[in-house]
Amino acid sequence: PTRRSSDLIRGSWNIPGEDVSDHFAELAPLPRDTLIVAYCTGPLCDLGRMLARFLNVMEFTNVYLYDDGWEGWTKAKLATDSSLTRTGNS
């Protein structure tokens, strides 16, 4: 799966909340103190929260939710990268 738009937050991976269990093999080897910021489209989207909960169950200890999501990120004119349409670490 890829993000609907061609842009991602710079440095991010696209791991959709509803498909997170499909990415277990990519997440499992990461150190549990890896900084992870989960986000979705915006505050009305629950998929970022789903991802954050899943990561907490996996015992990641440095997980944060950016609840403003993609909408807030682009509204604030923060860095994006249109060359990143990747899923996981590919």
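For the single chain, residues carry numbers from 1 onward in sequence order. Values reported hereafter were calculated over all heavy atoms of this structure, with side chains retained and with hydrogens, waters and symmetry mates removed. Bear in mind the structure is a predicted one, so any value in this text is a computation, not a measurement.
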Item to check | Of D22, L51, L55, L47, the residue whose pairing with I15 passes side chain to side chain contact (heavy atoms under 4.5 Å, CB included) | outcome: L51
Checklist entry - What distance do K75 atom NZ and D68 atom CG have between them, rounded to the nearest 0.5 Å? => result 9.0 Å
Next on the checklist: Looking at every heavy atom in both W73 and Y66, which two are closest together, and how far apart are they?
Outcome noted: N-OH, 3.6 Å
Item to check | Test item: R32 side-chain N/O and M58 main-chain N/O as donor-acceptor pair under 3.5 Å | outcome: yes
Checklist entry - How long is the span from the CH2 atom in W13 to the CD atom in E26, to the nearest 0.5 Å? => result 6.5 Å
Next on the checklist: How long is the straight-line distance from CG of L35 back to CG of N62, given to the nearest 0.5 Å?
Outcome noted: 5.0 Å
Checklist entry - Is there a path of hydrophobic side-chain contacts, each under 4.5 Å between heavy atoms of I, L, V, M, F, W or Y residues, that connects L30 with L65? => result no
Checklist entry - Out of curiosity, does F60 fall in the hydrophobic cluster containing V57 (side-chain heavy atoms, cut-off under 4.5 Å, transitive links)? => result no
Next on the checklist: So, taking the atom named CG in N56 and the one named OG1 in T61, what distance separates them when rounded to the nearest 0.5 Å?
Outcome noted: 9.0 Å
Checklist outcome for this item: All heavy atoms of C40 vs all of G48, minimum pair found to be CB-N, 3.6 Å
Item to check | Criterion side-chain contact (heavy atoms from CB on, under 4.5 Å) on L8 and N14, from CA distance to verdict | outcome: CA-CA 8 Å; L8 294 172; N14 182 21; 4.3 Å; yes
Next on the checklist: Can you tell me how the ring of Y39 sits relative to the ring of W70, calling it parallel under 30°, perpendicular over 60° and tilted otherwise?
Outcome noted: parallel
Item to check | Minimum heavy-atom distance R49-D67, with the two atoms named | outcome: NH2-OD1, 2.7 Å
